[in-house]
*Asks:* 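Shown below is the structure under consideration.
Along the sequence shown, residues carry numbers from 1.
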Amino acid sequence: MNRRTLSREIQNSQTSSFFLSFFLGQMSYYLKLVSITKIIESLSLSSYPLLMLVQGVIAFSFLKFCEKISLNSPRLFHILSFCMAGSVVLLAYHPLVKEQVAPNFNFMLSCFIFFASSNLTNLIDISVNNTISSRISLLKSPNISTYLTLTKEVGILSSAVMIYFFHSFFEQSYYSSFFLLFPFFMGFVLSNTTTLNKIPLQESKKEVKVDKEEFPFIHLMVVMMALMLIVKNIQSFAVLVGINELRSISDKSSAVLVSQITFIEVALTLLVIGFQIINKSKNSTWSQGFKTFFSTQTFSSLVLILLTTPTSIIASGILRKVIQHTYVDSSKRILMSAIPSRANLYVRNLVHKNVSFIFHVVMAIITAPIVFHLIPLTSLWFISLACCFLGLYFRKKLHTSLTEYQVASIVRTDIYEAAQSCYGLGEKESKFHVPALLALLHSNPRPFIAKAIIRSLGRIQDKRAIKPLMVYYENQKREDIQLSIVEALLQFRSHEVDLFLVTTLESIVIEQISLGQIRRNIFKAITKRVNHLAVPYLLRIINENKTDYRVTANAIIVLGEIALKNKDQELLLMLSHFLSSDYPRRVRSNALMFLYHTPQYQQQAIAVFETFLTSEDERDKSAMAYLAGELRIKSVMPFVYEMSESLNHSNSTLIISLLKQKHHESFSLFSQFLFESKGEDLFMALNQLSAIEDKKIRYQFYYFVLKNYPEKTNHLLDLLRMSQRDFDKDRQMIKKEAARFNIVINTDTNIFGQKRGAHLKKVA
């Protein structure tokens, strides 16, 4: 498979997945609308408690039945999902059904449609997500999940707008209801035009048994999630009450009211998610998301105790939905990934088998006295308030129990689960674990874990970690660990840290013979903090080392980063002086790298580039070939390829340049070079691979290896582990992707480099 074929495959799979996600949003909305309108218009709220009891039994049995189908025949599972869902929507909206069937069997038909739409919403969601999971690779598209979520929300929004106008301005005909089947038809076509992996509803058919003492946090987690479900559905029930009351005092149908509410919900959700993407702000810890949810719902409950009007109820429901989509959903994923896989599966099965049924029973008990007017609606908010306080309490208890488990278990698990435990500790509430983390850091763990601990210490932001991190930096030779320390220290606002960063910058410029990508990343990280404060230091260093062009070349990299970041014309003018022939190639090429795409100095930079490119010295040509890839100068690509071919593709610098410029043979050439090289050539190639800032290029290379050389996957992981470059996330992505290709990954070692089960030293 060449680069062009791979790009075409990626584009096709992404496009079809986006369409599928969009139609999923439309289908989910139609099914949700059907269930709401049936309970309000046909069944009345008085039937809600009984519906909840029956729904609990049906949901459990129905999903178990569908699980068996999905295990044995994924394609049949998809066919049934879309056909049943489309049929339910048609039954709910077609005028012929309303005229011929509804008058005689209205109650039974409405109950059937309500139960079917409620269960099929989950089924369609699972069906589509399974299809996307079997089609989309995180290596090919690392940010795809965020954009698919946005696409689904846009699908919901479009359906809400469409239903609003349809019900407001048009009369339903015998044929218009078939229009609503379009997303189900398209979802069916898109889901069945690909080879489907057998992805079951549950990860395993086997009963998962765990020792409660081994995972003491499990039941706290289940209780917290159950409380969240109760609060969420109390709010949903209250919104039904609000819609019902609004409908009684206005001439609008429930479909129009639901569409208006959905429009506001989705618009606000998209606004918040868009803001998070633009500002690159993510909910990095599970605890904060759940805390935000319960705190917001506490405030809403207090407000509604004082002001229970249809408008205020619906407004609080909109707020809950936005918080759910923007914070809680991501927090839930983070929480489930922060616990060991065996505990994760146990929790999922426990929720699936027990909590779902119990939850429906609880909702029936809570709502029955209200719908029969035995207690006022305000009582619902006192129940919600109590659940919120309990939720905050159990969140705190879970946080304490889980973090204690994570610290204690880091040395007992394999390195990936240990790293996940470290990342799970990265929040200010984990401050009391700082001494244990520091002790673990100084016990010589593997680099993969050391970096995870360092990043967690940075996110916790406890000042006790500042000096130990500085000392650890001085004692480290691995550049990737040094970069992690710098990035962690940047989280602290301290003059002590500022002084350390400037001193570090100065020592790197003077002492380092050459600068790899990690050193440059350290420069970038430090200049974000000190910025122009570093300029006087650098100018002094250049003046004091005028004959040492190595120092000048290093200083130019830092000055160039500052100049481009701030569009500093004075600094750019100063850098242009280093293009002069009075300076050696390394100084001129470093200045060239920052001035080539600067309009006022571009012609001067191009002249220098062409001078080296036509030089008789092969090192000059090789340096320009590297810069061509770095600067994305596509016009030089044929020259770079010919040069590489003349050397039998034995120069990794030239191949990497082709890789950066997306040459169609570059994946094949680089994989061959990587697996056949040894010694310095191999480590040079790995260093150059890590220097590719565009992670999509690296990930697509890994995908190429998994697709074409699956037997080399473990060898690739070993090579990345041997390197001193930061390939941690890359290795995790490869391990996840290997599961999609059914590639067996060798068992990794624990955090001290010993095989799993070997004797482990204890950390005080």
Side-chain angles (χ1 to χ4, degrees), residues 280-288 334 338 403 406-407 410 415-416 418-508 516-531 533-534 558 561 690 724-732 751 763:
K280 297 181 179 179
S281 58
K282 296 181 180 178
N283 182 36
S284 58
T285 61
W286 67 267
S287 181
Q288 188 59 43
I334 294 170
T403 51
Q406 287 169 324
V407 170
I410 286 173
I415 63 167
Y416 290 99
Q420 197 62 58
S421 292
C422 293
Y423 292 134
L425 293 169
E427 56 182 317
K428 291 183 179 180
E429 285 185 273
S430 303
K431 283 187 176 183
F432 55 91
H433 292 302
V434 167
L437 288 173
L438 289 172
L440 185 60
L441 182 62
H442 289 287
S443 64
N444 196 31
R446 288 181 55 174
F448 188 83
I449 300 301
K451 286 181 281 188
I453 295 171
I454 290 164
R455 289 165 187 164
S456 293
L457 289 169
R459 288 201 296 268
I460 293 172
Q461 296 179 25
D462 189 303
K463 291 186 177 180
R464 290 175 294 177
I466 292 177
K467 282 195 175 180
L469 286 174
M470 291 178 180
V471 172
Y472 202 72
Y473 180 95
E474 298 297 338
N475 296 332
Q476 273 298 321
K477 294 182 179 179
R478 286 185 61 109
E479 294 180 356
D480 53 342
I481 294 180
Q482 289 181 330
L483 175 59
S484 295
I485 294 172
V486 168
E487 290 175 340
L489 289 172
L490 287 171
Q491 306 295 321
F492 297 91
R493 292 295 171 188
S494 164
H495 293 297
E496 183 182 14
V497 172
D498 290 339
L499 180 61
F500 171 80
L501 294 175
V502 172
T503 305
T504 300
L505 192 68
E506 185 174 343
S507 65
I508 292 174
Q517 186 61 40
I518 290 187
R519 290 293 180 192
R520 293 185 181 183
N521 287 339
I522 291 177
F523 281 173
K524 289 180 181 179
I526 294 176
T527 52
K528 284 179 184 177
R529 175 72 163 265
V530 297
N531 209 1
L533 294 176
V558 190
E561 294 288 351
S690 73
Q724 289 196 9
R725 303 310 186 195
D726 192 0
F727 286 115
D728 293 350
K729 290 181 181 178
D730 297 33
R731 287 164 53 205
Q732 285 179 301
I751 68 167
V763 180

*Asks:* Is there side-chain contact between Val497 and Leu490, with heavy atoms separated by less than 4.5 Å?
*Replies:* no

*Asks:* Do Phe500 and His495 pass the side chain to side chain contact (heavy atoms under 4.5 Å, CB included) test, and can you show the C-alpha distance, the side-chain angles, and the key distance before you say yes or no?
*Replies:* CA-CA 9 Å; Phe500 171 80; His495 293 297; over 6 Å; no

*Asks:* Closest heavy-atom contact between Ile453 and Leu437?
*Replies:* CG2-O, 3.6 Å

*Asks:* By side chain to side chain contact (heavy atoms under 4.5 Å, CB included), which residues pair with Glu496, not counting sequence neighbours?
*Replies:* Ile466, Lys467, Met470, Ser494

*Asks:* Measuring from atom CZ of Arg493 to atom NZ of Lys463, what distance do you get when rounded to the nearest 0.5 angstrom?
*Replies:* 12.0 Å

*Asks:* Please check this pair: side chain of Glu487 against backbone of Arg455, looking for a donor-acceptor N/O pair closer than 3.5 Å.
*Replies:* no

*Asks:* Show the numbers, then the answer: is there a side chain to side chain contact (heavy atoms under 4.5 Å, CB included) between Val486 and Tyr473?
*Replies:* CA-CA 8 Å; Val486 168; Tyr473 180 95; 3.9 Å; yes

*Asks:* So how far is it from Ser484 OG to Tyr472 OH, rounded to the nearest 0.5 Å?
*Replies:* 10.0 Å

*Asks:* With a 4.5 Å limit on heavy-atom distance, are the side chains of Leu457 and Leu441 in contact?
*Replies:* yes

*Asks:* Could you give the distance from CD1 (Ile481) to CG (Asn475), rounded to the nearest 0.5 Å?
*Replies:* 11.5 Å

